[in-house]
Amino acid sequence: MMAPARVLVVDDSPTMRGLITAVLNADPDVNVIGQAGDAMEARNAIKQLNPDVVTLDIEMPNMNGLEFLDKIMKLRPMPVIMVSTLTHRGAEASLMALEIGAFDCVGKPQPGDARPFGDLAEKVKAAARSQRRQLRTDVPPLAPTAANVNPAATYRPGRRVIAIGASTGGVEALIAVLQKFPVNCPPTVITQHMPPTFTKSFADRLNRLCAPVVQEATDGARLEIGKIYLAPGGERHLQISNSHAPCCRLVERDPVNGHRPSVDVLFDSVAELAGRNAVGVILTGMGRDGASGLLKMRHAGARTIGQNEKTCVVYGMPRVAFELGAVEHQFPLSSIGEEILKITAARREGSE
């Protein structure tokens with residue numbers, strides 16, 4: 001039996017520190033061992049207490065959470081979960097934190113929230129279990145150039161559609177995969193577990209970093225070559241449909257596997273509509289969402305890929321998919337983009 005996850009809570013608001021502490025201590029497998037009101041207090045507490053996990057407010061006096069996170073990742077890498085306001089500014093800062101190396105982000109509670117901080121305790125426990133590798137924080141993600149994406153001149157897309165699912169660690173993973181895509185990539189649909197206000201900012205960020213057009217999916221948007229569609233967080237699931245032409249559909253349904261949007265809902269629709277003309281990819285994440293849908297895709301003749309354990313922030317979703325037999329091949333994160341392109345290139349269509 002594992003010892004409870006030892007957590008340091010960092011927030012400049014005593015009220016917020018108390019609320020986070022109460023939420024975490026309600027779980028018997030989590031133990032808040034200290035609190036800090038700013039970066040200096042947090043630095044001293046980390047040295048004295050050696051926590052397993054830190055929860056860190058983004059907006060703090062003297063040194064903000066992003067600056068402090070950057071120092072932690074460079075000097076003493078450890079799992080850090082960012083606590084952010086659910087605003088556009090908060091979303092942008094949270095995405096930067098995830099790229100720097102934060103384990104995950106949670107939103108600060110809103111009036112009327114039935115479960116303040118949602119699954120924070122589960123994320124803390126997953127963070128404590130994770131073997132978080134040290135990330136390169138001195139080099140920002142590369143903008144697409146001829147050197148780091150496949151030029152359209154050497155890649156011709158076939159008739160396939162790509163479906164990708166991700167959760168914890170997915171921001172970094174998706175950037176790594178999609179930066180390999182050429183400007184004329186196959187139509188690509190993605191479900192990434194993320195708070196509602198974050199997905200538009202994330203789509204915009206991906207659009208700046210990647211060669212294809214990346215956009216938040218809208219109901220009825222046609223699936224086109226050179227476009228990537230990210231499921232919006234919140235009240236609807238992303239599916240694909242073919243009423244008049246292949247397109248995105250946003251459907252109102254209960255959460256599946258505790259998530260809305262759900263990777264399983266997306267993969268199920270891709271299995272039904274695209275069958276063997278699809279590629280399914282499951283990346284790092286907690287839980288099992290996407291595993292059964294990926295199995296349906298494989299049974300329908302789709303090619304399927306899973307991220308390997310060594311390169312996952314959390315080897316949860318890919319593990320379950322692999323154990324179910326849904327994953328045809330596992331690859332390290334650095335290879336997944338190229339493998340997708342090998343499968344989807346037009347020159348291979350006749351040989352598969």
Side-chain angles (χ1 to χ4, degrees), residues 118-119 122 160-171 173-174 177-178 186-200 202-203 206 214-223 227-243 245-307 314 316-327:
D119 57 355
E122 292 302 317
R160 296 184 187 268
V161 61
I162 301 166
I164 303 176
S167 187
T168 303
V171 167
L174 285 168
V177 171
L178 298 180
T188 301
V189 285
I190 300 171
T191 290
Q192 156 76 44
H193 299 155
M194 190 170 275
T197 54
F198 285 28
T199 46
K200 177 64 166 63
F202 186 37
L206 288 172
V214 185
Q215 61 192 54
E216 194 176 43
T218 55
D219 191 53
R222 293 186 60 173
L223 299 184
K227 289 191 176 180
I228 298 171
Y229 308 84
L230 180 68
E235 300 302 317
R236 295 184 289 178
H237 297 280
L238 174 62
Q239 296 179 327
I240 66 169
S241 176
N242 194 17
S243 52
C247 65
C248 297
R249 285 295 177 206
L250 300 179
V251 296
E252 294 185 5
R253 281 178 52 188
D254 291 338
V256 174
N257 300 316
H259 297 285
R260 187 169 53 198
S262 161
V263 180
D264 268 331
V265 172
L266 175 62
F267 284 176
D268 286 352
S269 70
V270 174
E272 181 177 347
L273 182 68
R276 66 186 301 272
N277 290 320
V279 177
V281 183
I282 193 158
L283 302 175
T284 174
M286 290 167 47
R288 60 181 301 116
D289 190 29
S292 66
L294 194 68
L295 184 61
K296 289 180 183 178
M297 288 185 65
R298 189 172 187 190
H299 285 165
R303 302 292 299 275
T304 60
I305 291 172
Q307 187 176 347
V314 180
M317 289 160 48
R319 180 198 295 275
V320 177
F322 182 74
E323 292 174 349
L324 280 180
V327 174

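Everything numeric in this text was worked out from a predicted model, so none of it was measured. Excluded from the calculations below are hydrogen atoms, water molecules and symmetry mates; all remaining heavy atoms, backbone and side chain alike, are included.
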Here the gap from N242 atom CG to L273 atom CG, rounded to the nearest 0.5 Å, amounts to 5.0 Å
What one should report as the nearest heavy-atom pair of C247 and G220 is CB-O, 3.8 Å
Measure from the side-chain N and O atoms of R303 to the backbone N and O of G280, and report whether any donor-acceptor pair falls under 3.5 Å. no
Step by step, would you call I190 with T188 a side chain to side chain contact (heavy atoms under 4.5 Å, CB included)?
-> CA-CA 7 Å; I190 300 171; T188 301; 4.1 Å; yes
Residues 250-286 vs ring pair (Phe, Tyr, Trp, His ring centres under 6.0 Å), sequence neighbours excluded, gives H193-H259
CD1 of I240 to CG of D268, rounded to nearest 0.5 Å, is 11.5 Å
Closest non-hydrogen atoms of L238 and A217, given as atom of the first, atom of the second and distance, are CD1-CB, 3.9 Å
Heavy-atom count around E272 CD within 6.0 Å, excluding the residue itself: above 12? no
Sorted by chain and residue number, the salt bridge (charged side-chain N to carboxylate O under 4.0 Å, His left out) partners of E235 (sequence neighbours excluded) come out as R260
### Query
Taking it one step at a time, do V265 and Q239 satisfy side chain to side chain contact (heavy atoms under 4.5 Å, CB included)?
CA-CA 7 Å; V265 172; Q239 296 179 327; 3.6 Å; yes
* Say whether, by atom type as modelled, one donor and one acceptor occur between the side chain of D264 and the main chain of D289 under 3.5 angstrom. => no
Here the pair of heavy atoms bringing N257 nearest to G290 is ND2-N, 4.3 Å
Q) Quick one: does T304's side chain get under 4.5 Å of V279's, heavy atoms only? A) no
State, with a plain yes or no, whether a side-chain heavy atom of K200 is found less than 4.5 Å away from one of P232. no
For T284, the side chain to side chain contact (heavy atoms under 4.5 Å, CB included) test, sequence neighbours excluded, returns A173, Q307, C312, V313, V314
(Q) Can you tell me if R288 has over 12 outside heavy atoms packed within less than 6.0 Å of its CZ? (A) no
_Test side chain to side chain contact (heavy atoms under 4.5 Å, CB included) on E122 and M286; report intermediate values, then the result._
CA-CA 9 Å; E122 292 302 317; M286 290 167 47; 3.9 Å; yes
Closest non-hydrogen atoms of V320 and A291, given as atom of the first, atom of the second and distance, are CG1-CB, 3.6 Å
Residues at least two apart in sequence or cross-chain that pass ring-ring contact (aromatic ring centres under 6.0 Å, His included) with H237, listed by chain then number, are none
Kindly determine whether V251 and R236 satisfy side chain to side chain contact (heavy atoms under 4.5 Å, CB included), including the steps that lead there. CA-CA 5 Å; V251 296; R236 295 184 289 178; 5.9 Å; no
query: Y229 side chain to R222 main-chain N or O, any donor-acceptor pair under 3.5 Å?
result: yes
Handout entry: Backbone of P261 reached by a side-chain donor or acceptor of T191 within 3.5 Å
Key = no
By side chain to side chain contact (heavy atoms under 4.5 Å, CB included), L295 pairs with (sequence neighbours left out) H299, A326
Shortest non-hydrogen pair, L223 vs C248, comes out as CD2-SG, 3.8 Å
Heavy-atom closest pair (Q192 atom, L230 atom, distance to 0.1 Å) is CB-CD1, 4.1 Å
One should read off an interatomic distance between M194 CE and T168 OG1, to the nearest 0.5 angstrom, of 10.0 Å
Hits for side chain to side chain contact (heavy atoms under 4.5 Å, CB included) against A278, two or more places apart or cross-chain, chain-then-number order -> V161, V270, A274, M297, A302
* Asked: Are any non-hydrogen side-chain atoms of F322 and I282 less than 4.5 angstrom apart?
  -> no
